[in-house]
Amino acid sequence: MRIETGRRSVTALSTAAVALVLGISEAWAAAGQPSPWETGMQEMVTELGQSVSNFHTYLVWLIAAICLFVLALLLVIVVRFNESKNPVPSQTTHNTFLEVAWTIVPVLILVAIAIPSFRLLRQQLVPPPADLVVKVTGYSWYWGYEYPADQGGGFKFDSNMITEDKDRKPDQPRLLGADNAMVVPVGKVVRVQVTSADVIHAFTVPSFYFKVDAIPGRLNEVWFKAEKEGVYYGQCSELCGNGHPYMPIEVRVVSEQQYAAWLTEAKQKYASTESPAPLKFATAQ
């Protein structure tokens with residue numbers, strides 16, 4: 001039994017390593033949440049995320065080619081220039097071609113990496129006009145979402161992790177399901193404004209390819225445009241305290257009709273019930 005288990009483990013590790021080298025591990029990743037033996041990025045549902053995933057695969061191939069080239073050089077050196085074949089070492093000290101090559105080639109490699117990298121960075125940091133703005137506030141240890149009134153909202157609510165298995169829906173994974181999810185329409189540019197009410201948190205949804213720090217007294221921004229309906233999960237990615245692993249993020253991407261219906265329902269569900277306390281006056285005795 002132990003031998004068979006060991007064989008299965010070695011096989012799984014070998015398969016994962018091959019997938020990592022070939023850059024195909026994303027095909028194994030489930031949409032919206034982590035999956036067992038996942039070695040790469042989750043399935044991306046935004047154009048920016050897909051571009052980054054393709055860039056990641058391109059880098060894996062490039063790195064693999066460089067490693068194989070260096071390995072081939074080392075093998076050639078070991079075979080052709082060992083002590084038995086070269087009892088008298090060569091006294092060559094300069095080679096103009098090699099010196100130029102090992103200067104120019106790394107520069108060309110860096111240029112090949114920098115151009116698509118800067119293009120992606122610009123796409124990430126220069127957002128298009130937003131169709132919807134959602135403000136996210138990190139608390140110890142849960143998230144708060146606020147939808148502005150000028151965009152059909154005018155309400156806010158808290159989102160906590162579901163702790164009881166009986167309260168989770170069939171599609172909600174353990175430790176990632178939330179009682180109140182952030183809901184956005186598919187195919188719309190969503191700008192997320194992120195801050196914190198206490199300590200530093202990090203708002204992260206891997207399938208949208210964004211991770212932004214939530215810092216007290218500061219408003220950071222990130223954007224995404226989900227191209228596929230579904231439920232996507234994330235977590236706080238900053239070590240914010242003992243409740244850090246219990247700050248899940250659940251985002252539900254729905255159609256425009258479903259989003260309009262959710263707005264109508266949310267306005268009633270999350271309507272503020274806070275009212276100023278009545279004034280009390282002391283009576284003279």
Side-chain angles (χ1 to χ4, degrees), residues 24-36 38 40-54 56 120 123-124 127-136 143-148 151-162 167-194 203-212 221-237 247-270:
I24 61 174
S25 56
E26 183 182 334
W28 294 355
Q33 58 182 291
S35 58
E38 182 181 341
M41 298 181 179
Q42 293 182 14
E43 180 183 349
M44 297 294 173
V45 294
T46 64
E47 181 181 357
L48 177 59
Q50 293 168 359
S51 299
V52 171
S53 180
N54 294 334
H56 170 265
L120 288 174
Q123 185 180 358
Q124 181 182 11
D131 299 309
L132 173 65
V133 178
V134 180
K135 182 180 179 182
V136 180
W143 297 100
Y145 299 98
E146 183 174 351
Y147 288 70
Q151 297 183 14
F155 57 85
K156 57 184 179 180
F157 58 89
D158 296 333
S159 178
N160 292 272
M161 185 185 74
I162 298 177
D167 297 329
R168 286 190 291 112
K169 299 177 182 178
D171 63 342
Q172 289 181 312
R174 181 176 175 271
L175 298 180
L176 290 178
D179 55 358
N180 296 311
M182 173 181 170
V183 181
V184 297
V186 67
K188 299 296 183 180
V189 177
V190 181
R191 180 177 297 180
V192 184
Q193 298 179 334
V194 183
F203 192 73
T204 308
V205 181
S207 290
F208 297 161
Y209 183 70
F210 69 70
K211 174 182 177 182
V212 57
E221 286 189 344
V222 72
W223 72 278
F224 68 92
K225 181 181 177 182
E227 300 176 346
K228 181 179 178 181
E229 294 183 28
V231 185
Y232 305 96
Y233 296 94
Q235 288 177 300
C236 175
S237 299
M247 290 184 64
I249 301 164
E250 181 177 340
V251 183
R252 293 185 173 265
V253 180
V254 299
S255 65
E256 291 190 50
Q257 295 77 10
Q258 291 175 319
Y259 179 71
W262 177 82
L263 279 180
T264 302
E265 179 184 352
K267 288 178 184 179
Q268 300 177 353
K269 180 179 179 181
Y270 303 121

- Query: Could K225 and E227 be called an ion pair, given the rule that one side-chain N must be under 4.0 Å from one carboxylate O?
  - Reply: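 The answer is no: the pair does not qualify as a salt bridge.
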- Item | Side-chain (D179) to main-chain (I162) donor-acceptor, under 3.5 angstrom |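 Absent.
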- Task: Give a yes or no answer on whether the side chain of Q151 reaches the backbone of P148 with a donor-acceptor pair at less than 3.5 Å.
- Result: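 Flag not set: sc Q151 to bb P148 has no pair under 3.5 Å.
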- Query: Do we see a donor-acceptor contact under 3.5 Å between the side chains of N180 and Y270?
  - Reply: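 Yes, Y270 and N180 have a side-chain donor paired with an acceptor closer than 3.5 Å.
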Do the non-hydrogen side-chain atoms of [X] and [Y] ever get within less than 4.5 Å of each other?
X: S159; Y: Y145; result: yes
X: K228; Y: E43; result: yes
X: K267; Y: Y147; result: no

- Do you know which two heavy atoms are closest between M41 and H56, and how far apart they sit?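 The pair with the smallest heavy-atom distance is CE-CB, 3.9 Å.
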- Which atoms form the tightest heavy-atom contact between L132 and P185, and what is the distance?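 So the two residues come closest at CD2-CD, 3.9 Å.
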- Task: To the nearest 0.5 angstrom, please state how far the OH atom of Y233 sits from the CG atom of L175.
- Result: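 Here the interatomic distance stands at 12.0 Å.
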- Give the C-alpha distance, both sets of side-chain angles, the deciding distance and a yes or no for side chain to side chain contact (heavy atoms under 4.5 Å, CB included) between E221 and V212. CA-CA 7 Å; E221 286 189 344; V212 57; over 6 Å; no
- Query: In a check of side chain to side chain contact (heavy atoms under 4.5 Å, CB included) between F208 and each of V222, V253, V184, which one passes?
  - Reply: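 Single pass found, and it is V253.
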- Evaluate the criterion ring-ring contact (aromatic ring centres under 6.0 Å, His included) for residue pair F224 and Y209; output intermediate values, then yes/no. CA-CA 8 Å; F224 68 92; Y209 183 70; over 10 Å; no
